[in-house]
Number of protein chains: 2
Amino acid sequence: MTHNYKIEFEKFFSYSLSVDCLIFGFEEGEIKLLLIKRNMDPFKGDWAIPGDLVYPEEDLEEAASRILFDLTNIKNIELHQSQTFGKPDRHPQGRVITCAYFAMVKIDEVNAIASSWANEVKWVPIQRIPKLAFDHNEIFNSSLELLKIKLSNEPICFDLLPDKFTLNELQQLYEYAYKVNLNKANFRKKIKPIPLIEHNEKQKNVKHRPAKLFSFDEHKFERLVNQRNFRFKM
Amino acid sequence: MTHNYKIEFEKFFSYSLSVDCLIFGFEEGEIKLLLIKRNMDPFKGDWAIPGDLVYPEEDLEEAASRILFDLTNIKNIELHQSQTFGKPDRHPQGRVITCAYFAMVKIDEVNAIASSWANEVKWVPIQRIPKLAFDHNEIFNSSLELLKIKLSNEPICFDLLPDKFTLNELQQLYEYAYKVNLNKANFRKKIKPIPLIEHNEKQKNVKHRPAKLFSFDEHKFERLVNQRNFRFKM
DNA sequence: GGACTTATTGTAAATAGTAAAATAATTAAT
DNA sequence: ATTAATTATTTTACTATTTACAATAAGTCC
């Protein structure tokens with residue numbers, strides 16, 4: 001930092017900062033991303049990742065949290081910082097640097113949607129994301145890569161699944177994320193070390209043998225991580 | 001982006017952006033970080049990660065690249081984006097958001113050091129990083145975590161090692177990074193799939209049986225990745 | 001040559017991963 | 001009620017990989 005801030009103040013303190021918040025969900029075997037339809041220029045009418053400028057007194061993560069809340073009414077969930085994008089010409093109206101965050105929500109718990117933000121929102125399967133506004137396709141791609149890395153090293157798959165889920169749903173999530181087919185019996189062997197709560201309840205309204213419902217045992221997981229040196233690995 | 005930029009221009013386009021560049025090297029069995037001693041306020045005299053404001057027409061990565069060059073004369077090496085830090089009060093002189101990058105250099109090829117930047121620079125083993133200026137300890141910690149993840153998934157260890165290295169040096173690098181002891185025989189078995197060029201040359205000036213020297217076979221590696229679906233995994 | 005240090009190879013046991021078959025629970029038709 | 005069909009779940013056998021440990025080979029230094 002060799003610059004004299006007094007002299008160069010105007011030149012350097014003239015950037016703007018935004019945060020884009022990728023909201024992922026899981027439904028019917030597909031991981032989905034919440035997109036908004038922009039209701040103002042630039043890129044009016046285009047689909048985009050929700051985002052907003054960061055307020056002067058606001059931390060980056062706070063801003064992402066605010067965007068998430070405005071759109072979904074969800075509070076207090078983990079936000080994962082992704083990459084930051086700052087090409088000088090990425091925003092037509094000035095030098096706007098954007099920092100991407102992503103959140104993972106239980107899609108069945110999200111109802112309140114569409115606000116002052118955008119007149120339209122929709123969940124789009126991540127394998128069928130359309131052309132987006134700004135450099136949002138690039139932001140999506142790099143964030144998805146990060147999501148995939150975290151899915152294989154941290155138990156964040158359970159943030160996407162409903163509170164009670166079947167083992168098949170868990171498997172489908174990984175199959176969709178990595179575009180692979182997994183052997184069912186082996187998958188179950190592999191997830192054996194992960195502490196799950198087995199419910200007496202079963203799947204309903206299916207026309208075949210219903211599967212048992214499970215929940216992630218977060219407390220037991222924490223204990224395992226701290227006491228033995230257990231590591232989540234998929 | 002629901003804001004009217006015309007009206008709120010002054011309020012929002014008043015941030016500054018900096019880039020911090022963590023430069024990692026490997027020497028005598030230790031992974032080291034290049035630190036500078038600040039020669040101006042704030043935090044004058046404190047050790048810090050090298051960084052500078054981003055110029056108006058400059059991309060983030062370009063800025064990181066410039067910092068790296070000013071300090072080491074090294075050009076055209078890969079820069080890895082780490083996390084971005086933007087707490088409103090992180091910089092005493094205004095709202096400065098900083099985006100961290102890290103680079104990995106061959107420490108023996110870096111000589112030119114100390115510039116207009118700082119009157120003092122030094123390589124510090126990453127297990128003995130002192131209290132740093134600003135929030136630089138936080139930046140270092142999160143970047144180190146990312147470095148460790150990349151070390152286990154990409155062949156970037158060879159960016160740290162000299163062009164010709166011994167297998168022991170390679171092992172020491174991983175042992176130091178993850179603070180573990182590895183079995184020599186098994187380590188050599190594990191790295192078997194990685195394509196290395198075996199030189200006729202041997203280690204010199206050691207008072208024991210000299211080890212063979214190896215280089216990373218980048219071309220063969222690329223071919224493996226593309227043709228079969230080979231993955232680097234440590 | 002002999003002591004010493006490190007490199008390199010070998011082997012057996014333990015662990016993890018894979019494929020396929022067997023069994024259980026449910027719905028729906030007969 | 002019996003049976004077929006479908007899917008969930010468990011079991012078994014097999015294969016490959018990882019780990020631990022021992023043995024041997026190849027240099028340096030005196």
Side-chain angles (χ1 to χ4, degrees), chain A residues 28-29 151-153 155 157 161-162 164-217 224 228-234, chain B residues 28-29 151-153 157 161-162 164-216 224 228-234:
Chain A
E28 289 165 11
L151 272 176
S152 73
N153 292 301
C157 50
L161 290 167
K164 297 177 179 180
F165 53 85
T166 70
L167 300 185
N168 250 359
E169 287 174 323
L170 180 60
Q171 182 174 344
Q172 279 165 17
L173 195 160
Y174 279 98
E175 289 185 327
Y176 189 80
Y178 298 107
K179 296 190 188 180
V180 290
N181 291 313
L182 302 173
N183 178 283
K184 190 185 289 194
N186 296 336
F187 182 79
R188 276 147 207 256
K189 240 191 272 179
K190 188 165 187 172
I191 63 173
K192 268 274 157 59
I194 304 171
L196 297 179
I197 297 163
E198 191 176 330
H199 296 283
N200 287 324
E201 243 177 300
K202 294 190 174 164
Q203 222 177 6
K204 278 184 185 115
N205 302 320
V206 286
K207 45 167 152 309
H208 54 75
R209 173 178 173 184
K212 256 182 264 177
L213 291 174
F214 293 84
S215 295
F216 177 52
D217 193 338
L224 283 174
R228 305 151 223 256
N229 57 339
F230 181 77
R231 267 194 69 204
F232 183 91
K233 200 84 201 61
M234 288 293 288
Chain B
E28 289 165 11
L151 272 175
S152 73
N153 292 301
C157 50
L161 290 167
K164 296 177 180 180
F165 53 84
T166 69
L167 299 186
N168 249 1
E169 288 173 324
L170 180 60
Q171 181 174 346
Q172 279 164 18
L173 196 160
Y174 279 99
E175 288 185 327
Y176 189 81
Y178 298 108
K179 296 189 188 179
V180 290
N181 290 313
L182 302 173
N183 177 283
K184 192 186 287 193
N186 295 338
F187 182 79
R188 276 146 207 258
K189 254 186 262 175
K190 186 165 186 171
I191 64 172
K192 269 272 155 63
I194 304 171
L196 298 179
I197 297 163
E198 191 177 330
H199 295 283
N200 288 324
E201 242 176 300
K202 295 192 174 159
Q203 224 178 4
K204 273 178 189 121
N205 303 321
V206 285
K207 45 169 149 312
H208 53 73
R209 173 179 173 184
K212 253 183 265 177
L213 291 173
F214 293 83
S215 296
F216 177 52
L224 282 175
R228 306 150 223 253
N229 56 340
F230 180 78
R231 270 194 69 204
F232 183 90
K233 200 84 201 61
M234 287 295 287

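Keep in mind the model is a prediction, meaning the values are calculated, not measured. First the proteins, then the strands, lettered A, B, ... as listed; each starts at 1.
Toward the 5' end of DNA chain C, the nearer of the two residues A:Lys190 and A:Ala185, judged by each one's closest nucleotide, is A:Lys190.
Between the B:Gln203 side chain and the B:Ala211 main chain, a donor and an acceptor come within less than 3.5 Å of each other. Side chain of A:Gln171 to backbone of A:Leu182: a donor-acceptor contact under 3.5 angstrom is found. Without hydrogens or angle criteria, B:Tyr174 side chain to B:Leu151 main chain gives a donor-acceptor distance under 3.5 Å.
One interatomic measurement links the two molecules: CG of B:Leu182 to P of D:dT19, which rounds to 9 Å at whole-angstrom precision. Distance B:Asn186 CG to D:dA22 P: 13 Å, rounded to the nearest Å. Distance A:Asn200 CG to C:dA25 C1': 15 Å, rounded to the nearest Å. One atom, CD of A:Gln171, and another, P of D:dT9, lie 11 Å apart when rounded to the nearest Å. Computed from coordinates, the B:Lys184 NZ to D:dT19 C1' distance equals 17 Å when rounded to whole Å. Atom-to-atom, CG of A:Leu213 to P of C:dT26 comes out at 13 Å; the value is rounded to the nearest Å. Counting to the nearest Å, the P atom of C:dT6 and the CZ atom of B:Phe165 are 20 Å from each other. Atom CD1 of B:Ile191 and atom P of D:dT18 are 13 Å apart (whole Å).
For A:Lys233, the NZ atom is densely surrounded, since the number of other residues' heavy atoms within 6.0 Å is greater than 12.
Within 3.5 Å, no donor on the side chain of B:Lys192 pairs with an acceptor on the base of C:dT8, nor the reverse.
Of the inter-residue distances, the one linking A:Leu173 atom CG with A:Tyr178 atom OH reads 9.0 Å to the nearest 0.5 angstrom. A distance of 5.5 Å separates CG of B:Asn168 from CZ of B:Arg188, quoted to the nearest 0.5 Å. Taking CZ of B:Phe187 as the reference point, atom CG of B:Asn181 lies at 12.5 Å (rounded to 0.5 Å).
For C:dT6, the OP1/OP2 oxygens have no side-chain nitrogen or oxygen of B:Asn168 closer than 4.0 Å. Phosphate contact (OP1/OP2 of D:dC21, side-chain N/O of B:Asn183, threshold under 4.0 Å): absent. OP1 or OP2 of C:dT8 sits under 4.0 Å from a side-chain N or O of B:Lys212.
Side-chain atoms of B:Arg209 lie closest to C:dT5 of the nucleotides D:dA13, D:dT9, C:dT5. The listed nucleotides are C:dT6, D:dT9, C:dA7; the one nearest the side chain of B:Arg188 is C:dA7.
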Dump the pairs, protein N or O against N or O of nucleotides 3-5 of chain D, anything under 3.5 Å, distances to one decimal.
none

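Counting non-hydrogen atoms under 4.0 angstrom, A:Lys202 reaches the backbone sugars and phosphates but no base.
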